[in-house]
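Input: a single structure, listed below in structure tokens.
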Amino acid sequence: DCVKHREFCAEVSRSSLVLLKNNGILPLNPAKAGTIALIGPNCDDVEVLLGNYNGTPSCPVTPLSAFRNSGVKTAYSRGCGITGDSRAGFKAAIETAEGSDVIVFCGGLSPKIEGEECDTGGYERADLGLPGMQEELIRELKKSGKPLILVLISGSALSIDPGICDAIVQAWYPGQSGGEAIADLVFGKFCPSGRLPVTVYKSVKDLPDFREYSMANRTYRYFKGEPLYPFGYGLSYTTFRYSSITASKAAVEPGCPVTVSAEVKNTGKMAGHEVVQLYIRDVEASCAVPQKSLAGFKRVFLEPGEKKKVKFEIQPSQLALVNEKGERIIEKGEFEAAIGGIQPGFECETTNCVKTVFYVL
């Protein structure tokens with residue numbers, strides 16, 4: 001619990017936040033933000049910062065305490081619980097929103113209702129939406145006409161209608177400095193760089209039955225539908241552009257590595273980190289293989305206008321497949337490599353992806 005470790009916790013919290021939607025409202029200028037209405041069941045709950053299997057921090061910072069300490073005028077109303085069907089807090093929350101200039105709704109889930117260490121002995125989610133009355137309250141707050149920023153604090157993905165808000169931040173269970181990290185993101189004290197480590201599906205109906213153990217139509221590697229947000233997705237306050245992707249060899253012998261590189265440039269006005277991702281695909285496989293597989297990623301920092309070359313070495317084992325006989329082999333044929341800030345096949349307004357091919361002889 002020393003100063004060095006507290007600073008590291010804060011850095012980890014900032015790095016883990018994923019900006020999923022931004023219609024231009026973020027970042028807010030603290031000097032011009034006016035009054036912030038902080039509403040929702042996760043605004044001032046230390047437990048949702050920590051998840052479970054955690055230590056006990058001596059100085060946790062919730063979103064409410066962070067916004068109040070930011071120097072920006074902050075009004076607070078809980079509005080509703082995480083679960084339950086009570087609308088008792090709606091009136092106060094709506095009044096708080098109407099008296100503000102911007103609404104920040106902190107909702108989502110809690111370790112009390114998801115995970116192995118719940119009071120109930122464990123909890124399985126029956127759907128992917130916000131539980132309780134949260135979405136209904138958000139829709140009521142939206143009627144105020146005020147800009148609405150949704151902060152999702154949860155351990156797993158949530159499927160929500162992006163149209164109900166102006167910006168979405170997926171904060172996960174962000175740790176002892178989580179509230180400070182959320183406020184810093186909202187006020188533009190750093191450039192968000194987190195990427196989704198899971199696929200966010202539109203509905204549980206898009207997924208196979210839980211009792212079906214096949215990987216068919218599960219995860220980014222096999223899912224054939226259109227996700228709400230794809231694995232590896234995340235927005236930034238600046239823009240990055242990739243170009244000049246090359247493979248060290250157009251053709252390689254089985255058992256030999258191949259190096260793939262690309263240039264990435266910060267084409268925006270703010271310095272920031274970019275999470276560079278490498279995906280590979282076996283184009284000519286003789287049996288069922290993943291649509292694509294993450295083969296590596298690197299985190300790079302770029303000043304505005306700065307360009308860097310990023311290299312990945314693909315090992316032979318990463319090109320192998322398991323055939324119908326259960327044998328792990330490397331087949332001859334064409335392979336596709338893609339480097340970018342998002343997986344190939346998807347679009348993102350703050351980054352892009354470039355592709356090349358090479359062959360195994």
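Here, residue 1 is the first one in the sequence, and each next residue gets the next number. None of the values given here were measured: they were computed from a predicted structure.
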- Query: Going from OH on Tyr279 to CZ on Phe231, what distance comes out if it is rounded to the nearest 0.5 angstrom?
  - Reply: 5.0 Å
- Ion pair Asp161/Arg139, N-O distance below 4.0 Å: yes
- Note on the structure: Distance col, row Cys165:SG vs Glu135:CD, nearest 0.5 angstrom, shows 10.0 Å
- Message: So does Ala285 get a backbone contact from the side chain of Glu331, meaning a donor-acceptor N/O pair under 3.5 Å?
- Response: no
- Item | With sequence neighbours excluded, residues passing ring pair (Phe, Tyr, Trp, His ring centres under 6.0 Å) with Phe240 | none
- Query: Under the side-chain contact (heavy atoms from CB on, under 4.5 Å) criterion, do Val72 and Phe187 qualify, and how do the steps go?
  - Reply: CA-CA 10 Å; Val72 176; Phe187 294 125; 3.7 Å; yes
- Message: Using the side-chain contact (heavy atoms from CB on, under 4.5 Å) criterion, which residues pair with Cys191? Sequence neighbours excluded.
- Response: Ser236, Tyr237, Thr238, Met270
- Query: Taking the side chain as C-beta and beyond, is there a heavy-atom pair between Arg6 and Gln176 under 4.5 Å?
  - Reply: yes
- Message: Nearest 0.5 Å, please: how far is CD1 in Ile82 from CD in Gln134?
- Response: 6.5 Å
- Are the side chain of Ser159 and the backbone of Tyr201 linked by a donor-acceptor contact shorter than 3.5 Å? yes
- Task: Carefully, step by step, assess Glu136 and Arg87 under the rule salt bridge (charged side-chain N to carboxylate O under 4.0 Å, His left out).
- Result: CA-CA 9 Å; Glu136 183 174 330; Arg87 296 178 177 82; 2.7 Å; yes
- Close side-chain approach of Glu327 to Val322, heavy-atom, < 4.5 Å: no
- Partners meeting side-chain contact (heavy atoms from CB on, under 4.5 Å) with Ser86 (sequence neighbours left out): Ala88
- Query: Looking at OH of Tyr76 and CZ of Arg68, how far apart are the two atoms once the value is rounded to the nearest 0.5 Å?
  - Reply: 8.0 Å
- Item | Which atom of Lys292 lies closest to which atom of Arg221, heavy atoms considered | O-CG, 3.5 Å
- Task: Quick one: do Ser286 and Asn323 satisfy side-chain contact (heavy atoms from CB on, under 4.5 Å)? Show the steps, please.
- Result: CA-CA 8 Å; Ser286 63; Asn323 64 19; 5.6 Å; no
- Task: Check the pair Val276 / Ile339 against side-chain contact (heavy atoms from CB on, under 4.5 Å), numbers first and verdict last.
- Result: CA-CA 7 Å; Val276 183; Ile339 295 178; 3.6 Å; yes
Which pairs of donor and acceptor atoms, one on a side chain in residues 144-152, lie under 3.5 Å apart (sequence neighbours left out)?
residue	atom	partner	partner atom	Å
Ser144	OG	Leu141	O	2.7
Ser144	OG	Lys146	N	3.3
Lys146	NZ	Ala97	O	3.4
Lys146	NZ	Glu98	O	2.9
Lys146	NZ	Ser100	O	2.6

- Query: Does a sphere of radius 6.0 Å around CG in Asn23 hold more than 12 heavy atoms from other residues, nucleotides or ligands, not counting ones at 6.0 Å or beyond?
  - Reply: yes
- side-chain contact (heavy atoms from CB on, under 4.5 Å) evaluation trace for Val360 with Val258: CA-CA 10 Å; Val360 173; Val258 58; over 6 Å; no
- Query: Taking the side chain from Glu334 and the backbone from Val283, do they hold a donor-acceptor pair closer than 3.5 Å?
  - Reply: no
- Note on the structure: Taken in chain and number order and not counting sequence neighbours, the residues that satisfy side-chain hydrogen bond (donor to acceptor under 3.5 Å, both in side chains) with Tyr242 are Glu274
- Item | Exam field: side chain Thr239 to backbone Gly268, donor-acceptor pair closer than 3.5 Å | yes
- Query: When rounded to the nearest 0.5 angstrom, what is the spacing between OG1 in Thr62 and CD in Glu47?
  - Reply: 13.5 Å
- Note on the structure: Nearest heavy-atom approach of Lys298 to Val310 is CD-CG1, 3.9 Å
- Item | Rounded distance (nearest 0.5 Å) linking atom CD1 of Ile342 with atom OG1 of Thr350 | 8.0 Å
- Task: Check whether any side-chain N or O of Gln315 sits under 3.5 Å from a backbone N or O of Ser317 as a donor-acceptor pair, and report yes or no.
- Result: no
All N/O donor-acceptor pairs, side-chain side in residues 248-257, below 3.5 Å, sequence neighbours left out:
residue	atom	partner	partner atom	Å
Ser248	OG	Thr259	N	3.0
Ser248	OG	Thr259	O	3.3

- Would you please indicate yes or no on a ring centroid separation below 6.0 angstrom for Tyr220 and Tyr233? no
- Partners meeting ring pair (Phe, Tyr, Trp, His ring centres under 6.0 Å) with Phe335 (sequence neighbours left out): Phe358
- List for me each residue that meets ring pair (Phe, Tyr, Trp, His ring centres under 6.0 Å) alongside Phe105, sequence neighbours excluded, and say none if there are none. none
- Please answer whether the main-chain N or O of Ile25 pairs with a side-chain N or O of Asn22 as donor and acceptor at a distance below 3.5 Å. yes
- Task: Determine yes or no for a side-chain-to-main-chain donor-acceptor pair under 3.5 angstrom, with Ser13 supplying the side chain and Pro174 the backbone.
- Result: yes
- Query: Are Phe346 and Phe223 connected in a single hydrophobic cluster, I mean Ile/Leu/Val/Met/Phe/Trp/Tyr linked by side-chain heavy atoms less than 4.5 Å apart?
  - Reply: no
- Message: For the backbone of Ser156 and the side chain of Ser154, can you confirm whether one donor and one acceptor N or O come within less than 3.5 Å of each other?
- Response: yes
- Using atom types as modelled and distance alone, determine if a side-chain donor or acceptor of Ser65 lies under 3.5 Å from a backbone N or O of Val61. no
- Query: In this structure, are over 12 heavy atoms from other groups packed under 6.0 Å from Glu349 atom CD?
  - Reply: yes
- Message: Can you tell whether the side chains of Glu140 and Lys143 come within less than 4.0 Å, N to carboxylate O?
- Response: yes
- Query: Should Leu294 and Ile245 be counted in the same cluster of Ile, Leu, Val, Met, Phe, Trp and Tyr side chains packed under 4.5 Å apart?
  - Reply: no
- Hydrophobic cluster mates of Phe8, side-chain heavy atoms under 4.5 angstrom, ILVMFWY only, any path? Val12
- Message: Taking the side chain as everything from C-beta on, heavy atoms only, tell me whether Leu19 gets closer than 4.5 Å to Leu26.
- Response: yes
- Just wondering, are more than 12 heavy atoms of other shown residues or ligands nearer than 6.0 Å to OH in Tyr222? yes
- Query: Excluding sequence neighbours, so at least two apart, what forms side-chain contact (heavy atoms from CB on, under 4.5 Å) with Lys91?
  - Reply: Glu95
- Task: Considering non-hydrogen atoms only, spot the tightest contact between Leu20 and Tyr229 and give its length.
- Result: O-CE2, 3.4 Å
- Task: Would you mind telling me which of Asp127, Val200, Leu130 makes a side-chain contact (heavy atoms from CB on, under 4.5 Å) with Leu158?
- Result: Leu130
- Task: Determine yes or no for a side-chain-to-main-chain donor-acceptor pair under 3.5 angstrom, with Gln170 supplying the side chain and Ile153 the backbone.
- Result: no
- Query: If you take all heavy atoms of Asp101 and Ala33, which pair is closest and at what distance?
  - Reply: CB-O, 3.4 Å
- side-chain contact (heavy atoms from CB on, under 4.5 Å) against Thr56, all qualifying residues, sequence neighbours excluded: none
- Query: What pair of heavy atoms forms the shortest contact from Asn42 to Gly108, and how long is it?
  - Reply: ND2-N, 3.8 Å
- Task: Return the minimal non-hydrogen interatomic distance between Lys142 and Asp166, and the atom names on each side.
- Result: NZ-OD2, 3.0 Å
- Any pair with a residue in residues 303-314 that passes salt bridge (Lys or Arg N to Asp or Glu O under 4.0 Å), sequence neighbours left out, goes on the list, sorted by first then second residue, please. Glu263-Lys307
